[in-house]
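Written below as structure tokens is the structure these notes are about.
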Amino acid sequence: MLKIARFRDVWTKCPLTRLYTQKVNIGVIGADLQKEIDKMQRIRPSGQPPKVWQQIEKKDKDGKLMKFTIQEIPEDRYEEAVQHMCTFFLADEPSCRCLNYFYFYSILFFDLSGYMLHLFFVTFCSFFFVDAVNDPLFIQDISTLWRLLVAQGISIAAFTDNPNGGKPVIAGMNTLGVNIKNTKDSISGYQFKSENCKHVLEIVAGSTKIVYEHYKVDKYLYAIGLSVDSDYRGYGLGKDILKIRDLIGPMYGVPATSTVFSSIISQKSAAGAGFEVLAIKNFADMVDKNGKEYFPGIDSKDFKIMAKRLS
């Protein structure tokens with residue numbers, strides 16, 4: 001994605017995502033968390049090979065063929081998957097970006113002749129991004145959440161060849177879990193410390209339960225995070241990843257899926273993958289007991305709870 005900036009009749013293009021995404025320090029899995037992961041019930045049993053769902057081909061902007069394998073994430077790539085989410089999802093998802101002060105500005109310095117003297121965008125964006133990712137409670141909670149989800153074994157990623165050689169890279173992914181009516185899920189026992197993380201979960205996890213009544217089901221597939229590496233955007237990969245739920249549901253006996261989509265791009269991808277809108281809620285209506293907004297200044301007006309049958 002390029003942002004076109006103009007100042008004194010001088011135009012420049014700035015590739016946004018690569019400038020403000022930085023590798024987030026997610027730390028290592030602590031002993032207590034590892035115990036929780038070891039004892040949790042998995043949807044795909046530990047040791048069972050990850051299911052390869054689909055192989056697709058796309059052409060890049062130069063007409064070169066790109067091949068992607070969409071599959072369950074192997075156990076030895078779990079930490080890399082969490083790192084991917086903390087790097088790309090936190091930078092792009094509206095509520096996370098708002099809560100973590102992801103406000104970025106293109107600031108260009110020009111000399112008196114109108115020529116660009118220095119592009120300050122990288123440094124300025126990095127300053128705000130570092131402030132965000134150095135919120136230890138938020139990063140600890142959100143990375144723990146994703147670690148618990150991927151450990152269930154059904155989260156998926158689109159892998160593609162590494163242009164620099166070595167193991168395939170994660171081009172995009174979706175962290176998935178299963179909610180069962182009147183049953184605590186794998187993340188409900190974790191005591192989140194970050195108020196910001198609690199607010200995000202209130203939206204992305206709590207809002208989707210209306211699917212029970214809508215489809216008259218007792219379980220459903222949910223997600224907390226759909227993310228595509230900025231190098232692989234513009235090819236419909238997000239929609240391809242969402243479509244895989246049509247295969248996951250029947251395989252694991254889950255009759256429906258429901259997810260909160262908070263950005264226009266993800267909402268369009270979901271619609272293209274056959275999701276219907278169950279409800280639309282305004283971010284401005286998400287307030288605490290004193291009427292204070294959870295997401296002041298958010299750049300997305302509303303979020304949609306979207307769902308579909310899987311069998």
Side-chain angles (χ1 to χ4, degrees), residues 40-45 48 50-51 53-54 70-73 81 85 89 93 95 142 144-158 172-190 192 197-227 238-263 266-281 286 302-311:
M40 67 182 289
Q41 184 177 359
R42 289 165 169 75
I43 301 170
R44 172 172 61 87
Q48 179 177 309
K51 177 73 175 178
W53 294 111
Q54 191 177 50
I70 304 178
Q71 66 170 77
E72 292 171 336
I73 301 172
M85 295 301 294
F89 184 81
E93 197 279 326
S95 62
I142 200 70
T144 295
L145 169 66
W146 282 322
R147 280 165 167 154
L148 290 170
L149 277 178
V150 297
Q152 293 187 34
I154 62 170
S155 293
I156 58 175
M173 62 170 288
N174 202 195
T175 51
L176 301 172
V178 174
N179 267 341
I180 302 175
K181 195 172 185 179
N182 300 322
T183 303
K184 290 185 177 181
D185 61 20
S186 62
I187 64 175
S188 60
Y190 179 75
F192 292 97
C197 196
K198 292 177 184 178
H199 297 161
V200 172
L201 283 179
E202 182 178 337
I203 288 181
V204 300
S207 301
T208 57
K209 294 182 180 180
I210 60 175
V211 73
Y212 287 133
E213 181 62 27
H214 185 81
Y215 289 139
K216 308 298 181 185
V217 296
D218 61 0
K219 67 173 68 172
Y220 69 96
L221 186 69
Y222 71 94
I224 301 181
L226 170 68
S227 179
K239 182 173 69 174
D240 293 324
I241 292 173
L242 288 173
K243 285 182 176 180
I244 299 300
R245 296 192 201 180
D246 292 329
L247 305 176
I248 297 173
M251 172 64 69
Y252 292 105
V254 184
T257 184
S258 180
T259 298
V260 167
F261 294 96
S262 55
S263 73
S266 63
Q267 291 165 4
K268 289 182 178 179
S269 295
F275 284 69
E276 64 172 320
V277 177
L278 301 190
I280 301 176
K281 296 185 179 182
M286 305 300 294
D302 54 42
F303 60 92
K304 296 180 179 180
I305 299 98
M306 303 178 72
K308 67 184 296 188
R309 292 187 181 275
L310 299 178
S311 59

Carefully, step by step, assess F275 and F261 under the rule ring-ring contact (aromatic ring centres under 6.0 Å, His included). CA-CA 11 Å; F275 284 69; F261 294 96; 5.6 Å; yes
Min side-chain heavy-atom separation [X]-[Y] under 4.5 Å:
X: S207; Y: F303; value: yes
X: R245; Y: T259; value: yes
X: V277; Y: I305; value: no
X: L149; Y: Y222; value: yes
X: R309; Y: P255; value: no
X: K51; Y: I244; value: no
X: E276; Y: H214; value: yes
X: V178; Y: I154; value: yes

In Å, rounded to the nearest 0.5 Å, how long is the span from [atom1] of [X] to [atom2] of [Y]?
X: I224; Y: N174; atom1: CD1; atom2: CG; result: 10.5 Å
X: S155; Y: I241; atom1: OG; atom2: CD1; result: 11.5 Å
X: N179; Y: S258; atom1: CG; atom2: OG; result: 9.5 Å
X: M85; Y: W146; atom1: CE; atom2: CH2; result: 4.5 Å
X: S262; Y: Q267; atom1: OG; atom2: CD; result: 7.5 Å
X: T257; Y: L242; atom1: OG1; atom2: CG; result: 8.5 Å

So for atom NZ, which belongs to K268, do other residues, nucleotides or ligands contribute more than 12 heavy atoms lying within a distance under 6.0 Å? no
Where do L278 and E213 land on the side-chain contact (heavy atoms from CB on, under 4.5 Å) test, with the steps shown first? CA-CA 11 Å; L278 301 190; E213 181 62 27; over 6 Å; no
Donor-acceptor contact present, side-chain Y215 to main-chain A256, <3.5 Å: no
Smallest separation among heavy atoms of [X] and [Y], with atom names:
X: Y212; Y: K181; result: OH-N, 3.2 Å
X: A271; Y: M306; result: N-CE, 3.9 Å
X: K308; Y: A273; result: NZ-O, 2.6 Å

Working for side-chain contact (heavy atoms from CB on, under 4.5 Å), residues Y220 and K209: CA-CA 9 Å; Y220 69 96; K209 294 182 180 180; 3.4 Å; yes
Under the side-chain contact (heavy atoms from CB on, under 4.5 Å) rule, what do I156 and I248 come out as? Steps first, then yes or no, please. CA-CA 10 Å; I156 58 175; I248 297 173; 3.9 Å; yes
